[in-house]
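To keep things clear, I will list the structure first and then write my remarks on it.
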Amino acid sequence: MKSDYVWMDGELVPYEEAQIHVNTPSLHYGYGAFEGIRAYDTPQGGAVFRLREHLERFVDSAQVLGVQEFPYSVEDLRKASHETISANGFKGCYIRPLLYFDGSFTLNLDANTPHVSISTWEWGAYLGDEGLENGVHMTVSSFTRHHINVSMTKAKITGNYANSVLAKTLAVRSGYDEAIMLDPTGYVAECSGENLFLVRDGVIYTPPRATILEGITRDSVLTLANDLGYPVVEEPISRDQLYIADEVFVCGTAAEVTPVSTIDHRQIGAGRRGPVAEALQTAFFQTVKGGGERSEEWLEYVEG
Ligand SMILES: *Cc1c(COP(=O)(O)O)cnc(C)c1O
């Protein structure tokens with residue numbers, strides 16, 4: 001997670017000096033928001049994937065949290081992201097904007113002051129290179145994903161991720177790579193940090209938006225699936241529909257497009273990356289690396 005500089009409230013600060021106090025209320029109560037973005041090394045230089053959409057979601061996360069005066073515009077954050085990547089000399093990297101608050105130990109957001117930082121670091125495949133190729137092992141978690149009226153599902157609010165930590169840690173300790181989480185009504189929602197798809201008889205299915213984090217990679221995969229001519233259906237999915245799918249795969253900025261080989265010790269399809277996951281993965285990587293039909297639309301080359 002190291003780099004030369006971190007952007008903090010408008011300044012590029014040397015990495016070691018990018019610190020906040022232990023009494024920062026966001027750290028105690030989990031009110032804050034973050035975003036996760038990737039830049040890729042392309043033949044035309046470093047390029048950020050769908051930066052504007054990610055920054056709009058960052059501002060939306062603050063809106064869901066209830067921040068009344070967000071200190072920066074999307075355009076300010078866009079410039080700051082470019083500045084941070086280029087100051088660190090990165091081409092391919094992960095970009096992490098964070099909203100946090102300082103002030104007093106109150107649960108009233110309005111009594112505290114919002115701050116924004118942007119960190120960048122070089123980061124490989126989140127579920128492993130091996131996973132991208134051969135698929136990963138998953139389990140349906142005994143922890144339920146957020147109820148839409150308990151924690152908001154549309155925002156990357158920091159405190160919401162305690163739920164993901166519970167599910168992910170239990171899954172990994174139990175020998176799996178990742179946890180699939182059901183929504184409070186028992187339908188498949190998403191993973192601890194990825195959206196999920198299944199393929200059956202040539203049709204791609206994915207859970208509808210209401211109870212999930214609306215992934216930008218999910219939207220990209222759906223668009224690429226359309227471009228490639230696959231029918232896509234957004235509808236509620238049950239746990240056993242996963243077990244009898246021809247393919248299951250997940251996606252997110254961190255996990256990119258990763259196939260699933262087993263769920264709860266049941267082999268999914270052929271037990272390795274299936275043809276639809278492979279076609280979408282290929283289209284996705286072509287796009288982010290500058291050689292896809294949507295590259296121009298979705299990539300922003302790093303300035304400076
Ligand atoms: C960030 C995230 C995703 C993936 O969203 P992307 O925009 O594709 O990175 C999916 N689910 C959860 C819970 C997330 O936090």
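Below, each value reflects all heavy atoms present in this structure, side chains not excepted, and no hydrogens, waters or symmetry copies. In listed order, ligands and their atoms are each counted from 1.
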Query raised in the report: Is the distance between the ring centroids of H115 and F101 less than 6.0 Å?
Result: no
Report task. Specify the closest pair of heavy atoms between S164 and R145, including all atoms of both residues, with the distance to one decimal. Result -> OG-NH1, 3.2 Å
Requested in this report: State, to 0.1 Å, how close A277 and E247 come at their nearest heavy-atom pair, and which atoms those are.
Outcome: N-OE1, 2.8 Å
Look at [atom] and say which protein heavy atom is nearest, naming residue and atom and giving the distance to 0.1 Å.
atom	result
atom 11 (N) of ligand 1	E190 OE1, 2.6 Å
atom 9 (O) of ligand 1	T253 OG1, 2.6 Å
atom 1 (C) of ligand 1	K156 NZ, 1.5 Å
atom 5 (O) of ligand 1	G215 CA, 3.3 Å
atom 8 (O) of ligand 1	T217 OG1, 2.6 Å

**Report entry** Side-chain H-bond candidate by donor/acceptor type, E300 with H82, under 3.5 Å
**Finding:** yes
Report task. Indicate whether any N or O donor in one side chain lies under 3.5 Å from an N or O acceptor in the other, for H265 and Y176. Result -> yes
So is [X] touching ligand 1 or not, going by heavy atoms under 4.0 Å?
X	answer
S192	yes
H146	no
E214	no

Mutual orientation of the aromatic rings belonging to [X] and [Y] [parallel < 30°, tilted 30-60°, perpendicular > 60°]:
X	Y	value
Y94	W121	tilted
Y31	Y29	parallel
F197	F249	parallel

Judging by distance only, is a nitrogen or oxygen of [X] under 3.5 angstrom from one on ligand 1?
X	result
N195	no
Y161	yes
L213	no

Query raised in the report: Between N195 (side chain) and R218 (backbone), is there a donor-acceptor pair under 3.5 Å?
Result: no
Query - Option set E194, R218, R145, H54, criterion heavy-atom distance to atom 13 (C) of ligand 1, minimum - result: R145
Query raised in the report: Of the listed options (G252, G193, A189), which comes nearest to atom 3 (C) of ligand 1 when hydrogens are ignored and any heavy atom counts?
Result: G193
